[in-house]
Protein chains: 2
Amino acid sequence: MTSSPAKTVPDSSASPPSQGQGNPGIVPDYELIELLFFAYRDFVGEPDRLLEKHGFGRAHHRVVHFVNRNEGLTVAELLDILEITKQSLARVLKDLISGGFVEQRSGQEDRRQRLLFLTPKGRALADQLVGMQSRRISRAIAGAAPESRGLIAKFLSELIDRERPGSAGQRISTGTI
Amino acid sequence: MTSSPAKTVPDSSASPPSQGQGNPGIVPDYELIELLFFAYRDFVGEPDRLLEKHGFGRAHHRVVHFVNRNEGLTVAELLDILEITKQSLARVLKDLISGGFVEQRSGQEDRRQRLLFLTPKGRALADQLVGMQSRRISRAIAGAAPESRGLIAKFLSELIDRERPGSAGQRISTGTI
DNA sequence: GAAATATGTCAACAACATTGACATAATTTC
DNA sequence: GAAATTATGTCAATGTTGTTGACATATTTC
């Protein structure tokens, strides 16, 4: 592999590949599209390597994260946030419960509900994961103008779907969150 | 499901879940962590729905995208960008070639190489995908201060790993791209 | 008491990733 | 020119995460 490395993200020169034919009036934003791809990959890649040591994957990460952020939430609420099926959640939840990271308690008002909580062990893991992602964000934003953070948050929240009823984006835009 | 929707992203109040115990000095950045999750999900979710009509998935999207962006690249270069295994690539590449979206031609200097090109059909698909993602970005950035775009691009590129040798991040930071 | 709800579980399947081994053709090295 | 290396393809096996659809149980609501 002594071949020249593929050019990819930051090109300002480079022959225009296909000039957005069939997309009248839209300026192809290759740069941000690819930056989102690479940035997200590495952003979740680092947690992945820690999770692997516990035999967990990304799905476990999401569950631990949102239970940490919303202790006592119901299974239905978690499904609503993650937008996955009951079965997909059940699988990873089972791992997390049997591993002693997550606990279930019956709801007091409605005893059909299984409220989800982190154990101290689960909280420690969640904190580690949040820590590494927060550090990465902090590094990435360091030295930038003070208004950057707000602009970035605004941009990301505007990327989220507003139409899909019940979606995270929907809940954000209606202030239900 | 008449239960109250789970709070998740934009909370400034809310009881602090675990206050980053075990992460001395790190301020947990729940907001950006979750915005990245939701934003990326919807950002790739829209393309997903178009790809489904062709019987394709995300892996096909990535291949079409990077072949479009780098016509004539070799299989090895594509593997290098995607950071997946030969087998994973082979599977989707086979679909794309048999479907008439991608073409292979032997290299002129090195005839072992199979250079990858999009057919007009493949280019049309790539353009559609780039179009919808570009529109989403454009909408998200509309009305923001003119310097926003640069700040966002900087932030995202800073999220990318610089250490991993040969990685996209590495290539970016060394200007090899 | 009947209907609706919250959750759990089972079976089957699909997409996408992995590893490791091996085959072929072409190029490079000595 | 023979040997080693390289670029690619392919096979078999496996794991994670997602899906659908059906069904069971406990609890709440009407």
Side-chain angles (χ1 to χ4, degrees), chain A residues 1-6 37 41 44-45 47-49 51-64 72-99 102-116, chain B residues 1-6 37 41 44-45 47-49 51-64 72-99 102-116:
Chain A
M1 239 244 300
T2 323
S3 52
S4 61
F37 169 64
R41 183 173 68 184
V44 298
D48 280 351
R49 293 191 290 275
L51 291 155
E52 212 178 341
K53 294 176 187 167
H54 295 280
F56 294 154
R58 274 178 210 186
H60 301 84
H61 183 180
R62 290 167 192 159
V63 170
V64 167
L73 89 173
T74 65
V75 170
E77 285 166 346
L78 187 49
L79 287 175
D80 198 41
I81 291 171
L82 297 176
E83 293 180 14
I84 57 175
T85 57
K86 230 188 332 178
Q87 178 68 315
S88 289
L89 175 57
R91 210 170 12 219
V92 299
L93 203 46
K94 193 181 158 195
D95 295 339
L96 290 168
I97 291 170
S98 74
V102 171
E103 253 182 26
Q104 285 184 315
R105 304 177 208 156
S106 291
Q108 295 224 321
E109 308 143 20
D110 187 337
R111 289 194 327 240
R112 289 171 303 180
Q113 298 178 332
R114 299 298 144 85
L115 309 186
L116 302 171
Chain B
M1 242 240 301
T2 323
S3 52
S4 62
F37 169 63
R41 183 173 69 184
V44 299
D48 279 351
R49 294 191 289 275
L51 291 155
E52 212 179 339
K53 294 175 188 167
H54 295 280
F56 295 154
R58 273 177 211 187
H60 301 84
H61 184 180
R62 289 166 192 160
V63 170
V64 166
L73 88 174
T74 65
V75 170
E77 285 166 346
L78 187 50
L79 287 174
D80 198 41
I81 291 170
L82 297 176
E83 293 180 14
I84 57 175
T85 57
K86 231 187 334 178
Q87 178 69 313
S88 288
L89 176 55
R91 207 173 16 221
V92 298
L93 203 46
K94 193 181 158 194
D95 295 340
L96 290 169
I97 291 170
S98 73
V102 171
E103 253 181 26
Q104 286 184 314
R105 303 177 208 156
S106 291
Q108 295 222 321
E109 308 144 21
D110 188 335
R111 289 193 328 238
R112 288 171 305 181
Q113 296 179 334
R114 299 298 144 85
L115 309 186
L116 302 172

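Proteins get letters first, then strands, A, B, ... in listed order; numbering begins at 1 in each. Just so you know, these numbers use all the heavy atoms, side chains as well, and skip hydrogens, waters and symmetry mates.
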Problem set entry | Phosphate contact (C:dT18 OP1 or OP2) by B:S88 side-chain N/O below 4.0 Å | yes

Problem set entry | Side-chain heavy-atom pair B:Q104, B:L115 within 4.5 angstrom cut-off | no

For this session: Find the distance B:Q108:CD to C:dT27:P and express it as a whole number of Å.
Result: 12 Å

Exercise. Taking only N and O in the side chain of A:R114, is any of them less than 4.0 Å away from OP1 or OP2 of D:dT25?
Worked result: no

Seminar exercise, completed: Contacts of A:A90 and A:R112 projected onto DNA chain C by closest heavy atom; the upstream (5') one is A:R112

Exercise. What's the NZ-C1' distance between B:K94 and D:dT10, to the nearest Å?
Worked result: 9 Å

For this session: Using atom CG of B:L93 as one end and atom P of C:dA17 as the other, report the distance to the nearest whole Å.
Result: 13 Å

Exercise. Does A:H60 make a side-chain N or O approach to OP1 or OP2 of D:dT17 shorter than 4.0 Å?
Worked result: yes

Problem set entry | Distance in angstrom units between B:R91 CZ and D:dA12 C1', rounded | 13 Å

Problem set entry | Any A:Q87 side-chain nitrogen or oxygen under 4.0 Å from OP1 or OP2 of D:dG21 | no

For this session: Specify the separation, in whole Å, of atom CG of A:D95 and atom P of C:dT9.
Result: 13 Å

Exercise. Any side-chain N or O of B:T85 under 4.0 Å from OP1/OP2 of C:dT18?
Worked result: yes

For this session: Looking at every strand, decide which applies to B:E52 at a 4.0 Å heavy-atom threshold: base, sugar-phosphate, or nothing.
Result: nothing

Exercise. Rounded to whole angstrom units, what separation is found between the CD atom of B:Q113 and the C1' atom of D:dT8?
Worked result: 10 Å

Problem set entry | With B:V75, the side-chain contact (heavy atoms from CB on, under 4.5 Å) member among B:L73, B:L78, B:L79 | B:L79

Exercise. Nearest-Å distance, CG (B:L79) to P (C:dC16)?
Worked result: 16 Å

Exercise. Where do B:R41 and A:E83 land on the side-chain contact (heavy atoms from CB on, under 4.5 Å) test, with the steps shown first?
Worked result: CA-CA 10 Å; B:R41 183 173 69 184; A:E83 293 180 14; 3.4 Å; yes

Exercise. Quick one: A:E83 CD to D:dT19 C1', roughly how many Å, whole number?
Worked result: 15 Å

Problem set entry | Nearest-nucleotide pick for A:I84, side chain only, options being D:dA7, D:dG18, D:dT17 | D:dG18

Exercise. Can you list the steps and then say if A:R58 with A:V44 is a side-chain contact (heavy atoms from CB on, under 4.5 Å)?
Worked result: CA-CA 8 Å; A:R58 274 178 210 186; A:V44 298; 3.6 Å; yes

Problem set entry | Distance, nearest 0.5 Å, that separates CG of A:L96 from CG of A:L89 | 9.0 Å

